[in-house]
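Atoms within each ligand, like the ligands themselves, are counted from 1 in listed order. Worth knowing before you read on, the calculation uses all heavy atoms, side chains too, and leaves out hydrogens, waters and symmetry mates.
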Amino acid sequence: MLIKNVHVDNQAALTDVQIKDGHFSKIAPNLVPDAGEQVIDGQGKVLLPPFVESHIHLDTQLTAGQPRWNESGTLFEGIRIWGERRQELTKQDVKQRALATIRLLVKHGIQHIRSHVDISDPRLTALQALLELKEEVKDQVDIQLVAFPQDGVLTNLQEKGLMEQAIKEGVDVIGGIPHMEFTTEDGWESVHYLTRLAERYDRLVDMHCDEIDDPASRNLEVLAADAYKRGIGDRVTASHATAMGSYNDAYASKLFGLLKRSGMNIVANPLVNVHLGGRFDTYPKRRGLTRIKDLTAAGINVSFGEDDIQDFMNPLGDGNMLDVIMMGVYVDHLMGYHQLQDSFKFVTYNGARTLHIQDQYGIAVGKPANCILLNAPDFYHALNEHREVLYNIRHGKVIAETRPAKTQLYLGF
Ligand code: FE2
């Protein structure tokens, strides 16, 4: 396959990209197609590596209204509703909804997904369904599964055993939720316990960490210190870290030093964080988001996730990462022209770093030929005008193609 006239990675220069045997073979202007080679005319549009979904829960998606709507919009009501809904889980139910979600994601240019999966259910129904599905769809999308102890690994007395079982069944990543444990001390202990497990079983770490507007919720420093001392920082991620939006600046400054030294990753979920955050405030009302701009300026890796699509936490969403970026740049004041042009990195290269897949990711000769063609001359226009992913290409084969809708105006001017 030869893709002509594209702006690779949103760079100003136009070039061509050739693919052979599922890998990028040449990147240079004016390449000539081989006899019979498929040619895609990029028409001066942007070619990026596929979008990375850094944080989603495939087991809970598309359950909005089941068994009831989250009318208060709080995280706590959401968790209660999920407690009811998960009683009814079957493998088929999980697989059907997860597949429908993956179709939405692929349509919007995603090929790499990190999905948390609730392991509080002693039957581990959702985990088994998603382990099967991961294998079934691996030619089209890569799925990393995170064992997520929704009820707290120390709070729910069965959870430690279930975590070990989930690891043995094949999860890629160890999750956690220290701020939801009974006490501050339990939160810290859960972090130590889970990072020890990760080291023992050679797994990545991604915890829901400090997803609360409480400036006293400081599990992130414990996780970062553990990551640093164990030398596993680039394999460790804190998701949400929204309490950071409420920390005082002196403490945040000290924390940033530790985060930088640890080399760990932060995942923000701008849509869900803005929706669930600030719920206990009257006015002034906090934004409920981590410090995306300051972390990025400090050289700490931040990527974005959707977290929830049409479920008890978030009634909206359709798998389009442009919505996630749009919310993130507005809420955290990343609206400078160059910040907007660069914002694709939150859902591409930064996401690949979070998922620890950098070696196999990116548009470069020798790497797997995974890429997306956006219907825009640069990322600013793609974001601003919600442009389509025209082609989603995996190992040199088109796995999704979108034809833009056309509008005809009858205004007389
Ligand atoms: Fe989450």
Asp172/Lys134 salt bridge by N-O under 4.0 Å criterion: yes
We want to know whether [X] and [Y] form a side-chain donor-acceptor pair, criterion being a heavy-atom distance below 3.5 angstrom.
| X | Y | answer |
| --- | --- | --- |
| Glu181 | Thr155 | yes |
| Asp226 | Thr195 | yes |
| Gln66 | Arg85 | yes |

Near the Fe ion (ligand 1) (cut-off under 2.8 Å), count of protein N, O or S atoms: 4
For the student: nearest non-hydrogen atoms of Leu220 and Ala238, plus distance: CD1-CB, 3.5 Å
For residues 266-281, please give each side-chain donor-acceptor pair under 3.5 Å, one per line with the distance, not counting sequence neighbours.
| unit_1 | atom_1 | unit_2 | atom_2 | d |
| --- | --- | --- | --- | --- |
| Asn269 | ND2 | His240 | ND1 | 3.2 |
| Asn273 | OD1 | Asn269 | N | 3.0 |
| Asn273 | ND2 | His240 | ND1 | 3.0 |
| His275 | ND1 | Arg279 | NH2 | 3.1 |
| His275 | NE2 | Met313 | O | 2.8 |
| Arg279 | NE | Gly73 | O | 3.3 |
| Arg279 | NE | His275 | O | 2.8 |
| Arg279 | NH1 | Ser72 | O | 3.0 |
| Arg279 | NH2 | His275 | O | 2.9 |
| Asp281 | OD1 | Arg286 | NH2 | 2.8 |
| Asp281 | OD2 | Arg286 | N | 2.9 |
| Asp281 | OD2 | Arg286 | NE | 2.9 |

